[in-house]
Amino acid sequence: MTDIAQISADYRGIAGRKRLYSFLLWGIFAALMISGLRLANDRNAGGFWDGLPQIFAFPSELIGEAIEKAGALPGHMLSYLPALIETLNIAAVATLIGVIGGGFMALLATPGLAPWPRLVPLFRRMLDIARAIPELVIALVFIFVLGGGPVPATLAIAFHAIGALGKLFSEVAENASPKPVEGLESVGANWIQRMWFGVLQQVGPNWISYAMLRFEINIRASAILGFVGAGGIGYALRNAISWGQGRYDAAAAIFILLFLTIVTFDQLSSMARERLVRGNAGGRI
Amino acid sequence: MRNATYPAGEEPGWVRSLPDGGAEIALPGEASVTIAADGRVTLSAKGELIEVMPEADGIRTDITDPPGWISLSDKRFMANLPEGGRLTVTRSRTEVFRRSAGWELFFFDLDSPFHGKTAGQLLALAVSGERLDPARSNLAAMGRDFWFNSVWHHGDVAWAIFETLLMAFLGTFGAGLISLPIAFMAASNFTPARIVRQVFRRGFDFLRGVDALIWTIVLSRAYGPGPLTGTLAILLTETGTFGKLFSEALENIDEKPVEGLRSTGAGAAPRIRWGVIPQVAPVILSQLLYYFESNTRSATIIGAITGGGIGLLLVQAIQTQKDWEHVTYYIVLIVLLIIAMDWLSGRIRARLIRGAAA
């Protein structure tokens, strides 16, 4: 009997300590959240509660004008279609460069597949750095050097995409079966042939699925970069907003266009990805 | 205004005192600036000799057609030498910038009594030695001078980095707190009513689809620039993302623990607390940490749009187009910050996954 009492007392003690720890952890977390929110509130130009009534002022003004001039909206949308296509093109080209560059870098950075195994850590660090620099930083520097337009934005997004895709691609390639590669090696295939016929066939669906996810992210990034001066729909949006009251119908048209585009590609890519990876082990992204 | 005066005979090699009380400053690229005792500034660069005279109501100069490297107005003369020099003349002050590589001003600016001392001297001053400023200890004074360095603004930069991190932290974890309970309403095994589920799912799609850019613009209209705007923009977008991810995690749980709890007569709250949460907690935590890292990057970008944090500093430094060393410094800081966050979140996630497997 004493044994059971002992065990039960020990269990209660451990459970109590665990509860205390998680209580403390939640307490620290709550304190961080509350003090952080207060600090953010204090350092902001307008306070949360003062701004709350105004939060709907801009959207309602926008929607009001859009409804008032509903007839002009399709015309506006049509006139901004080229800008939207430019944004999509930036994202598409950047994704393409990212897939090719990231694929190469991934194969170079995957132990077991790399042609120079000693350089794997070097390529991994290069991918880390490419991933760490935000697109905006590269874009701002390129915009200064090359002037505004789609080229700096494409380069910036592509650079980041190489880093982001390279890491994900390399994780997929690590799990690829080495058997086809060994088989190809035994018949004298060189590195490119081994990768092309042995690895890419295995990783293809997952790589394409990541690339599509990246394309969707790149559309958003390309819109944001447009806002800082890289052309496309983001640039048009900034101009439309700066025209001010009375001309918000153009801004509303761009908002709708952007929203529809993002939602469409979000849905399309998630549908396509589901079809691609269904049946693959661990295919959920 | 003079920040500091070189004692006679101790000027750096590129400053030469003139007998009439003025000074001649040699700049890289065969250029030089001569400041006469009466304030007249003579710039000799690119084979041209340019005279600028500061006066009570502005500046006077005889240039009629300024070349591209000179910007000129009634009140201000600025010459940018790409070799690493800058001359600014306004009515109240004449400033010559001579760039040189090194850490000269990084720790202490020219105002500080600690400027130009070696590390050993500084250590000796910090540990013992006369107080240079009677009001505070030498160590405190050093910290103060470093923090308020007027060239590199370490204090402001530290605040900016902190603000960026704050936006990412509050946005990510705030969104996690909000979307977890709502995610139950979008999961098919907890909300059998299809219409309710659809409403919540489309709500999440909307939040995600509007995108951080649009949220930032809309919110900055209400709140103005600052970290709160960025926080709320991240919070709204990520509520949509997390709502989708969490509801998928909830749909994938093993129903057996829930069944077991139900058989003991447990109500809905205990079933969720003891049957569902332990299953999804590692997934949710790992996603939260991953997005915390990714949102540090977003917070930099949002900060550049809405005006807060290190993103704003970077944009300002690029737009002024003169202090490229600051641009480099901020980029290095951003990259280090993101690599640090990446490493940290990766380590915690690896521990979480290993802990869950054990």
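Lettering follows sequence order; numbering is per chain, from 1.
Heavy atoms only, all atoms of each residue included: B:A304 and A:L136 are closest at CB-CD2, 3.4 Å.
For residues 172-181 of chain B, heavy-atom neighbours of chain A at less than 4.5 Å comprise B:F173, B:G174, B:L177, sorted by residue number. The interface of residues 290-301 of chain B with chain A, defined by heavy-atom distances below 4.5 Å, comprises B:R297, B:T300, B:I301.
A:R131 touches chain B through backbone and side chain together, each having a heavy atom under 4.5 Å away. Interface remark: B:L336 contributes no atoms to any contact with chain A (heavy atom separation under 4.5 Å). For a residue to count as touching a neighbouring chain, one of its non-hydrogen atoms must lie under 4.5 Å from one of that chain's; by this rule B:L170 touches chain A with backbone and side chain alike. Contact annotation for B:F206: both backbone and side-chain heavy atoms come within less than 4.5 Å of a heavy atom of chain A.
Chain A forms the most heavy-atom pairs under 4.5 Å with one residue out of B:D342, B:V315, B:T216, B:L219, and that residue is B:D342. Among B:D205, B:L337, B:T231, the residue with the largest count of heavy-atom pairs under 4.5 Å with chain A is B:D205. Ranked by non-hydrogen atom pairs under 4.5 Å with chain B, the options A:D128, A:L32, A:T264 are led by A:L32.
Remark: B:R202 CZ is packed, more than 12 non-hydrogen atoms of other residues, nucleotides or ligands lying under 6.0 Å away.
To the nearest 0.5 angstrom, A:I129 atom CD1 is 12.5 Å from B:I338 atom CD1.
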Query - Derivation and outcome, side-chain contact (heavy atoms from CB on, under 4.5 Å), residues B:I331 and A:V141 - result: CA-CA 10 Å; B:I331 292 178; A:V141 174; 4.0 Å; yes
